[in-house]
Amino acid sequence: MLDIKKIESDFDSVKKSLGNRNFDVSILEELLLLNKSRKNLTTASETKKADINKLSKEIGELKKNKQNADAPMKQVAELKASMEADAQELDRVLGKQNQILLTIPNLPVDSVPVGKDEEDNKEIARWGTPRQMDFTPLDHAVLGEKLDILDFETATKITGARFVIYKGAAARLERALINFMLDHQGTKGFTEMMTPFIAHERSLVGTGNLPKFEDQLFKLNSEQPWYLIPTSEVTLTNIKREQIMEETELPYLYAAYSPCFRSEAGSHGKDVKGLIRMHQFNKVEMVSICSPSQSEEIHQKMVKSATEILEKLGLPYRTLALCTGDMGFASQKTFDLEVWVPSQNKYREISSISNCGDFQARRASIRFRTKEGKVEFAHTLNGSGLAVGRTVVAILENYQQKDGSVLIPEVLQSYMGGMKVISK
RNA sequence: GGAGGACUGGCCGAGUGGUUUAAGGCAACAGUUUUGAAAACUGUCGUGGGUUAACGCCUACCUGGGGUUCGAAUCCCUAGUCCUCCGCCA
């Protein structure tokens, strides 16, 4: 959520920034009008309330002394009627203002490249060289079915499209990766967490998934407004919701494994085959809650930690700085990591690491007290470290052999009971 | 799932309709004292909103929401959470 005071005071620059994000800025004018009327109504109704409070005290005195209080009581009744009209209008205006504020994306910071869509993202680093293969690489889904370790058909029977059953070595590989990634994050100072996989509506509003992106979530048919989490960013970030921390506590660095549930509404026809786009996938997530002065350095630290996983696994990747038009709703700056996928002959996203600034902290009221005693909003960051299913894709494809077997990266072998190769 | 009880500031805790403008204590911070520390003493000590050049003033908040009343921490309704007991259960 943006600060309404900032929208008011820096109107032109806010408008320009949001325009760069392909956001329809026409609503901003309305927002300013609403805010003005919110202030007027607040002043009006609070002045009346102050008068009522005074009169009520007088009434108390009069009654205590057994004196007649009809006159002030009549006055209160009149003031109250008039105040309630203001209050009702104020409720409406405030509701509308919040509703708009909750649908405005974060402002990109100056260093974010201005651009329209993913075409304008800027490659800033590349690691590793895609392996030369003297055969046509198979797609991971084909490979997995040939090796009898991925079963899409049965999962579709049991649940539906975009689900999978991992079998034998693939199941073990997935589990090995989760453990390997969590262990790695542990050595980088991230505290391992295991959170609920279901979150309350409030938590999803806090991270920015609601109210705007409800169609991308699975909502439970429960008494409480519960949703399956689309990422453990939601639960990890909300750990400090509605809290005022001490500056000395910061930063918090968390890492968690969780399954992620996404409805993938609007992605019909995209990545229909294989593990790339599923309704349920596993991810190890990093989240940091820190002070504004720490967030940029921690952002770099998170990128580094994620890239180290790819390097240890020997998977070629590149790092992109996302442009203004391609960044996620809550982010003020995002780096994507893309891993080499031989069958598609291109790099595909495997991690997205965002600094959300104080955007989520405002929504979720995550604050800290500075050493000087001032209360400020914290900064929140999140990033995949990494998406596990897509890592399996990369390993199967990049480590496949001519005979259809797949070598297991050395760093994972101890996590797989010494297994060195997956073959039929 | 059933029956009962509870929820007050960072923490403990008083308060059952009108100087509560939330007592008191602990913790924290600053100062005095001290060679230094401790102790003692003094002071500060919640958050949001409105208003103001500023000091300040006003307003809301006692788990959330709604209601009764001239007036609610206090009474009523409702939701949540926790505790105790019973039942069921990995």
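Naming: A, B, ... by sequence-line order, numbering from 1 per chain.
- OP1 and OP2 of B:U51 both lie 4.0 Å or more from every side-chain N or O belonging to A:Asn40.
- Side-chain atoms of A:Gln360 and A:Thr380 form a donor-acceptor pair, as typed in the model, at a separation below 3.5 Å.
- Checking B:U59, B:G46, B:U81 against the side-chain heavy atoms of A:Gln224 singles out B:U81 as nearest.
- The separation between A:Asp91 atom CG and B:G49 atom C1' is 14 Å, rounded to whole Å.
- For A:Glu84 and B:U69, the CD to P distance is 11 Å, given to the nearest whole Å.
- Taking only side-chain atoms of A:Arg367, from C-beta outward, the nucleotide of B:U59, B:G18, B:G48 with the closest atom is B:G48.
- Taking the P atom of each, B:U63 and B:C89 are spaced 37 Å apart, rounded to whole Å.
- Residue A:Glu46 places its side chain closer to B:C58 than to any other of B:C58, B:G71, B:U21.
- Looking at the side chain of A:Thr42, the nearest of the listed nucleotides B:G80, B:G48, B:G49 is B:G49.
- Under the 3.5 Å distance criterion, with hydrogens and angles disregarded, a donor-acceptor pair is assigned to the side chains of A:Tyr415 and A:Asp183.
- Going from the P atom of B:G13 to that of B:A40 covers 23 Å, rounded to whole Å.
- Using cut-offs of 30° and 60° for the angle between ring planes, the A:Phe213 and A:Phe329 rings count as perpendicular.
- The same atom, C1', is picked in B:U20 and in B:G15; the two are 8 Å apart, to the nearest Å.
- Distance noted for atom C1' between B:C83 and B:C77: 23 Å (whole Å).
- B:A79 atom P lies 15 Å from atom CH2 of A:Trp226, rounded to whole Å.
- For B:G50, one of the phosphate oxygens OP1 or OP2 lies less than 4.0 angstrom from a side-chain nitrogen or oxygen of A:Arg38.
- A side-chain donor from one of A:Lys312 and A:His184 sits under 3.5 Å from a side-chain acceptor of the other.
- The CD-P distance, from A:Glu223 to B:U78, rounds to 14 Å in whole Å.
- Counting non-hydrogen atoms under 4.0 angstrom, A:Arg202 reaches nothing in the nucleic acid.
- In this structure a side-chain-to-backbone donor-acceptor pair under 3.5 Å is missing from A:Thr154 to A:Asp151.
- The side chain of A:Lys80 lies closest to B:G71, out of B:U47, B:G71, B:U59.
- Between the NZ atom of A:Lys63 and the P atom of B:G71 there is a distance of 10 Å, rounded to whole Å.
- A distance of about 39 Å separates the P atoms of B:G25 and B:G80, rounded to the whole Å.
- If you check B:G49, B:C70, B:A60 against the side chain of A:Asn53, the one that comes closest is B:A60.
- When rounded to the nearest whole Å, the span between CZ of A:Phe368 and C1' of B:G10 equals 18 Å.
- Close to B:C70, at under 4.0 Å from its OP1 or OP2, lies no side-chain N or O of A:Lys57.
- B:G31 sits 16 Å from B:A39 when the C1' atoms are compared, rounded to a whole Å.
- Rounded to a whole angstrom, the distance from the C1' atom of B:G50 to that of B:U32 is 40 Å.
- Atom CG in A:Leu55 sits roughly 15 Å away from atom P in B:C58 (whole-Å rounding).
- Remark: the A:Ser13 side chain and the A:Asp10 side chain contain no N/O donor-acceptor pair separated by less than 3.5 Å.
- Taking the side chain of A:Met73 as heavy atoms from C-beta on, and the options B:G50, B:A60, B:C70, the nearest nucleotide is B:C70.
- For the pair A:Arg369 and A:Lys54, nearest-nucleotide mapping onto RNA chain B gives the more 5' position to A:Arg369.
- Inspection of the A:Asn106 and A:Ser331 side chains reveals no N or O donor paired with an N or O acceptor under 3.5 Å.
- For A:Lys5, taking side-chain heavy atoms from C-beta onward, the closest of the listed nucleotides B:G49, B:C58, B:G71 is B:G49.
- Across all strands, A:Gln75 comes closer than 4.0 Å to no nucleic acid atom at all (heavy-atom distances).
- Nearest nucleotide to the side chain of A:Thr43, out of B:C70, B:G50, B:A60: B:G50.
- Across the C1' atoms, B:C26 and B:A79 are found 33 Å apart, a figure rounded to whole Å.
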